[in-house]
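Contents: one structure, followed by commentary.
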Number of protein chains: 2
Amino acid sequence: MSAPLDYFKPLSDSSTRQRTQTRERILEAAEAVFADNGYHEALVDEIGKKTSMSKGGLYFHFPSKEDLFFAVMDRLANKLVKRAEKAADRANSPLESAEAALDAVLSALSAQRRLARLLITQGYSMGNAFECKRSEIFDRFANVISQNLDEAKSDGQISDINTDLAARVWLGAVNETVVHWLFSDGPTPKETASDLRRLLLASVQVSNPSIKSKDAV
Amino acid sequence: MSAPLDYFKPLSDSSTRQRTQTRERILEAAEAVFADNGYHEALVDEIGKKTSMSKGGLYFHFPSKEDLFFAVMDRLANKLVKRAEKAADRANSPLESAEAALDAVLSALSAQRRLARLLITQGYSMGNAFECKRSEIFDRFANVISQNLDEAKSDGQISDINTDLAARVWLGAVNETVVHWLFSDGPTPKETASDLRRLLLASVQVSNPSIKSKDAV
DNA sequence: GACAACCGACCGACCAGTCGGTTTGTGCGT
DNA sequence: ACGCACAAACCGACTGGTCGGTCGGTTGTC
């Protein structure tokens, strides 16, 4: 009946949309489950329950638990990096960009304890695979920071330091602050944000942390 | 937790010694296996093989895999903290003590990649239990640093900063540097040590890092 | 009738921990 | 010196519960 030629367009726009929507639904649920339990303790069946979808259905969309986890991580990291970059763009000097990125990340993590946990901790249980993913993600953050520091350096805003290392130091500091908050009931990252900013700016030799209204426009 | 059956029974000195010696042998082997594989991938049977001891024998000395892992962690952390404290004691000003502790840790970790990995990463797979342990251990390091910074502060050697936070920043920086080395073929912590020291000292507002880097091996 | 999407009972690899048993060391009575 | 008793130390085959992943089948849609 139908001409032999009409199945080279197998997926209509709407079905593609449907598809990514379902994927999104799964990712959302998976994020919650992984955040609550960590990779190993998280059960695929529970993700199914939260999605009102069977295990088979899940496996139709994602080839393995591991892939699903990585997809969740990527999605999260993308959101955060974009947020940081946007904040950086709004600032009007490289150094302030770096500060803004820092603040953006700190407040985002503070607001979502579970996400912080997921992003920073929960993956290590998977062994090497995750560790590579983690450094990939951290590298993206490090780049946002070090690029701005580089500019600040050539602008003479900061002293002549190893900006890659400085970026790493900043990241490490944030990481540790968050972890301490997560597991030892330390203060919220947001609470320590201003002290932290002071320390980190000092590390790149800005001795006088302007009350930041300095070049506000 | 506690060793099996430590009644007040007449355990002769030699048998006690024998006992702790066996424990030590197990800890050594376990350290290697955990370091190579992480907690989850590590098989109790493999520890047995490395010890030339059966699983039953192992379980005679340690009540569970988890306890064994924690014992390994404690042993390692003790060694490192002691090393740091000793290095700090040899220095002759609080600030230099903090520097020395930093150097000691960096060089110890650089020298033993697998141990670094074990201490910093490999445990997360266990969930909450480990995370508590981790913060316990990190707190010990943080204390060594923050106490010295406190003294330095009241000596007027550094500016008036939040020393607890500064200690956390230092730890975080070290942590991140090490992780980056471990998983991204970044430079050795020892290689970056002097740059790192400069940054961290600057963070506590010492603009002029004393050029006196005597290694504490 | 073709195919994407979804179902869910089932499989089977995996491995920490157990347990009945054997060996080794120690003390004691004779 | 010798055997006897008893426990510490050690053995290793086995169990039992847990899940990731599969697959033959059903539904909905074009």
Side-chain angles (χ1 to χ4, degrees), chain A residues 1-26 29-30 33-34 37-72 125-127 129, chain B residues 1-26 29-30 33-34 37-72 125-127 129:
Chain A
M1 304 298 194
S2 62
L5 292 171
D6 66 1
Y7 50 93
F8 55 81
K9 193 199 72 178
L11 292 174
S12 72
D13 268 5
S14 73
S15 69
T16 308
R17 196 177 317 135
Q18 187 62 43
R19 189 174 187 147
T20 56
Q21 202 173 314
T22 310
R23 264 182 77 97
E24 198 63 19
R25 226 177 79 228
I26 296 173
V33 174
F34 282 131
N37 306 98
Y39 180 76
H40 258 104
E41 322 290 326
L43 304 191
V44 175
D45 280 313
E46 198 176 330
I47 298 174
K49 208 157 71 183
K50 257 211 172 79
T51 330
S52 312
M53 186 178 289
S54 75
K55 212 191 270 197
L58 255 40
Y59 274 87
F60 177 78
H61 288 279
F62 295 91
S64 74
K65 183 184 180 183
E66 193 173 301
D67 281 87
L68 178 51
F69 183 79
F70 282 146
V72 169
S125 37
M126 333 181 31
Chain B
M1 278 276 201
S2 62
L5 308 175
D6 36 356
Y7 312 136
F8 41 9
K9 257 304 190 158
L11 285 171
S12 75
D13 270 4
S14 72
S15 70
T16 309
R17 195 176 320 135
Q18 187 63 42
R19 189 171 188 151
T20 56
Q21 203 172 313
T22 311
R23 265 183 75 98
E24 197 64 19
R25 227 177 77 230
I26 296 174
V33 174
F34 282 130
N37 304 99
Y39 179 76
H40 258 104
E41 324 289 328
L43 304 191
V44 175
D45 281 312
E46 197 176 331
I47 299 174
K49 208 156 72 181
K50 257 213 170 77
T51 330
S52 312
M53 185 178 292
S54 73
K55 212 192 268 198
L58 255 38
Y59 275 87
F60 177 80
H61 289 279
F62 295 92
S64 73
K65 184 185 179 182
E66 191 173 303
D67 282 86
L68 178 51
F69 183 80
F70 282 146
V72 169
S125 38
M126 334 183 27

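These numbers come from the heavy atoms of this one structure, side chains and all, not from hydrogens, waters or symmetry mates.
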If the sugar-phosphate is the primed atoms plus P, OP1 and OP2 and the base is the rest, what is the B/S/- string for nucleotides 16-26 of chain D, using protein heavy atoms under 4.0 Å?
---SBBB----
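- Distance CE (A/Met53) to C1' (C/dA5): 8 Å, rounded to an integer number of Å.
- Counting only heavy atoms from C-beta on, B/Phe60 has its side chain closest to D/dC10 among C/dC6, D/dC10, C/dA5.
- One atom, CZ of A/Arg23, and another, P of C/dC6, lie 12 Å apart when rounded to the nearest Å.
- Within the model, atoms CZ of B/Phe70 and OH of B/Tyr39 stand 7.5 Å from one another, a figure rounded to the nearest 0.5 Å.
- One interatomic measurement links the two molecules: CE of B/Met126 to C1' of C/dC15, which rounds to 16 Å at whole-angstrom precision.
- Atom CD in B/Gln18 sits roughly 13 Å away from atom C1' in D/dC10 (whole-Å rounding).
- Identified under the salt bridge (charged side-chain N to carboxylate O under 4.0 Å, His left out) test for residues 39-60 of chain B, with sequence neighbours left out: B/Asp45-B/Lys55.
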In dot-bracket form, how is DNA chain D paired, counting a Watson-Crick or G-U wobble pair only if both its distances are under 3.5 Å and using | for bases paired to another strand?
||||||||||||||||||||||||||||||
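- One interatomic measurement links the two molecules: NE2 of A/His61 to C1' of C/dC6, which rounds to 8 Å at whole-angstrom precision.
- Taking each heavy atom of B/Ala42 and B/Asn37 in turn, the nearest pair found is N-CB, 3.8 Å.
- Counting all heavy atoms, side chain and backbone alike, B/Ile47 lies closest to B/Leu68 at CD1-CD2, 4.0 Å.
- Listed for the B/Thr22 side chain is a donor-acceptor partner under 3.5 Å among the backbone atoms of B/Gln18.
- Qualifying side-chain contact (heavy atoms from CB on, under 4.5 Å) partners for A/Ser64, counting only residues two or more places apart in sequence or in other chains: A/Glu66, A/Asp67.
- For the residue pair A/Leu58 and A/Val44, the shortest heavy atom distance occurs at CD2-O, 3.7 Å.
- Legend: residues meeting salt bridge (Lys or Arg N to Asp or Glu O under 4.0 Å) with B/Glu24, ordered by chain and number and at least two apart, are B/Arg75.
- Across the protein-nucleic acid pair, B/Ile47 atom CD1 and C/dG17 atom P stand 11 Å apart, rounded to whole Å.
- Remark: B/His40 engages A/His40 in a ring-ring contact (aromatic ring centres under 6.0 Å, His included) (not counting sequence neighbours).
- Counting to the nearest Å, the C1' atom of D/dC10 and the NZ atom of B/Lys49 are 19 Å from each other.
- Rounded to an integer number of Å, the gap from CZ of A/Phe62 to C1' of C/dC6 is 15 Å.
- The phosphate of D/dG12 has neither OP1 nor OP2 within less than 4.0 Å of any side-chain N or O from B/Ser54.
- Taking 4.0 angstrom as the limit, B/Arg19 places a side-chain polar atom (N or O) nearer than this to OP1 or OP2 of D/dA9.
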